[in-house]
K.L.:
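Before we start, here is the structure in question, set down as structure tokens.
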Amino acid sequence: MADASEAQRRIGLRHPIVQGPFGGGLSTVELAATVSNAGGLGSFGAHILDPDGIEDLAAELRAATDEPFALNLWVSDHDPGGDPFSRDAFDAVWPVFAPFFREYGLDKPEPQARYHPRFEDQAEAILETRPRVFSFVFGIPDAVTLKACRERDILTLGAATTLAEAEALDAAGVDLVLATGFEAGGHRPAFLEPADNNLVGTLPLTRQIAARLKRPVIAAGGIADRAGIDAALTLGAGAAQLGTAFLACAESGTSDAHRDVLFSPRARHTVLTRAYTGRLARGIPNRVIAEMEARAADLPPFPVQAWFLGHLKRAAIEAGDEDFASLYAGQGAPLLTHRRAGDLMTELTTASPARAPAPAGA
Ligand SMILES: Cc1cc2nc3c(=O)[nH]c(=O)nc-3n(C[C@H](O)[C@H](O)[C@H](O)COP(=O)(O)O)c2cc1C
């Protein structure tokens with residue numbers, strides 16, 4: 001690979017590779033530490049953890065690696081109507097979910113005071129634990145938090161889905177900007193306009209942001225092999241962030257059923273849907289998407305939709321089916337070949353084809 005980029009130098013990486021964080025319980029210490037120990041940046045999606053959980057997590061990561069790692073949060077922790085979510089509102093949406101709860105033998109759950117931890121409390125825990133990188137999506141932390149990060153030598157990495165969002169992150173003084181194209185698995189983390197308004201691809205978005213900003217740019221979305229990383233670097237990115245390729249590895253927190261689908265021909269077709277959480281995300285069509293899309297007008301906002309679906313997802317996985325599993329996947333899924341994060345890192349950091357042949361089965 002070429003000389004270390006500014007992004008690598010600032011973070012302290014041997015390789016221009018970031019393992020994308022996974023929220024919703026799909027990140028693991030083992031995965032993040034494997035990637036960090038191999039010279040990339042391991043990340044842990046901590047948005048569902050409370051502050052104590054974040055502090056425990058940082059201690060576990062430090063026990064597993066001496067290398068830099070990123071902790072990741074969602075800046076906006078609810079959509080309009082999602083907090084507070086009254087008991088009446090709860091009872092009004094319950095009929096949407098009741099038949100599926102019954103199908104899995106689940107009782108009606110109790111309404112909660114909150115359905116997601118408060119971002120401000122979580123950010124305090126990040127400041128306490130001082131990860132090398134604090135990455136975030138769905139907005140920009142306030143100026144006080146960003147200043148506190150600088151004082152503690154925590155690098156900030158914020159996600160942009162458009163050039164305007166990249167400029168907003170730049171103006172706020174965020175250290176590194178993630179250009180996240182609409183090919184990406186997981187959520188489309190727009191924050192200036194509704195997510196569906198600007199479905200910009202990784203290629204033009206990375207190029208636009210790298211050409212406009214002086215800050216280092218990291219490209220994400222549809223990158224799953226060394227050729228994709230080389231392409232991102234050619235566009236001016238200082239590193240590439242890969243999600244789906246690491247999610248498919250045994251060290252991630254997802255289910256074997258999800259991994260099997262990622263390696264199957266079904267992964268050739270992904271869609272954007274609000275079914276999983278109430279926010280737009282990319283995944284592979286299955287029953288939960290069909291059932292929820294059919295009731296789209298009646299679904300509650302994030303994070304309440306995610307909370308109801310969490311019950312069904314756990315029950316489905318326990319029952320051994322993937323009907324209500326969230327089959328998150330990016331458009332690069334048909335390129336996947338590795339099932340262990342160490343093997344993936346080896347390929348990403350050693351093979352250097354000028355023009356990569358497509359992998360068998362893609
Ligand atoms: C299951 C899943 C969960 C994700 N959760 C988060 C998250 O909590 N925070 C975040 O910043 N990005 C999250 N992402 C985005 C990834 O970190 C990464 O940017 C994205 O997957 C890159 O696109 P790719 O999947 O095409 O490689 C998630 C992606 C997936 C597939």
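This one's a predicted model, so the numbers in the text were calculated from it and none came from an experiment. The analysis underlying the following values was restricted to heavy atoms, covering all of them including side chains, and did not include hydrogens, waters or symmetry mates. One-based numbering, in listed order, for ligands and for the atoms of each.
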K.L.:
I'd like to know if Arg118 pairs up with Asp77 as an ion pair, taking the criterion as any Lys NZ or Arg NE/NH1/NH2 lying under 4.0 Å from an Asp or Glu carboxylate oxygen.
P.N.:
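A salt bridge is absent here (no side-chain N lies under 4.0 Å from a carboxylate O).
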
K.L.:
May I ask you to check if Arg282 and Phe182 form a cation-pi contact, with NZ or CZ under 6.0 angstrom from the six-membered ring centre and within 45° of the axis?
P.N.:
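Cation-pi check for Arg282 and Phe182: passes.
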
K.L.:
Is the closest basic N to carboxylate O distance between Arg212 and Glu167 below 4.0 Å?
P.N.:
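Yes, Arg212 and Glu167 are salt-bridged.
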
K.L.:
At what distance, to the nearest 0.5 angstrom, does CZ of Phe324 lie from CZ of Arg287?
P.N.:
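Between Phe324 CZ and Arg287 CZ, I get 4.0 Å after rounding to 0.5 Å.
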
K.L.:
Check ring-ring contact (aromatic ring centres under 6.0 Å, His included) between Phe138 and all other residues, then give those that pass, not counting sequence neighbours.
P.N.:
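In terms of ring-ring contact (aromatic ring centres under 6.0 Å, His included), with neighbours along the sequence ignored, Phe138 is linked to Trp74.
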
K.L.:
At less than 4.0 angstrom from any atom of ligand 1, which residues have a non-hydrogen atom? List them by chain and residue number.
P.N.:
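For ligand 1, the contacting residues are Gly20, Pro21, Phe22, Gly23, Leu26, His47, Asn72, Trp74, Val137, Glu183, Ala184, Gly185, Gly186, Ala220, Gly221, Gly222, Ile223, Gln241, Leu242, Gly243, Thr244, Leu247, Tyr328, Gly330.
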
K.L.:
One pair to check against salt bridge (charged side-chain N to carboxylate O under 4.0 Å, His left out): Asp91 and Lys108. What are the steps and the verdict?
P.N.:
CA-CA 10 Å; Asp91 289 337; Lys108 182 179 179 184; 2.9 Å; yes

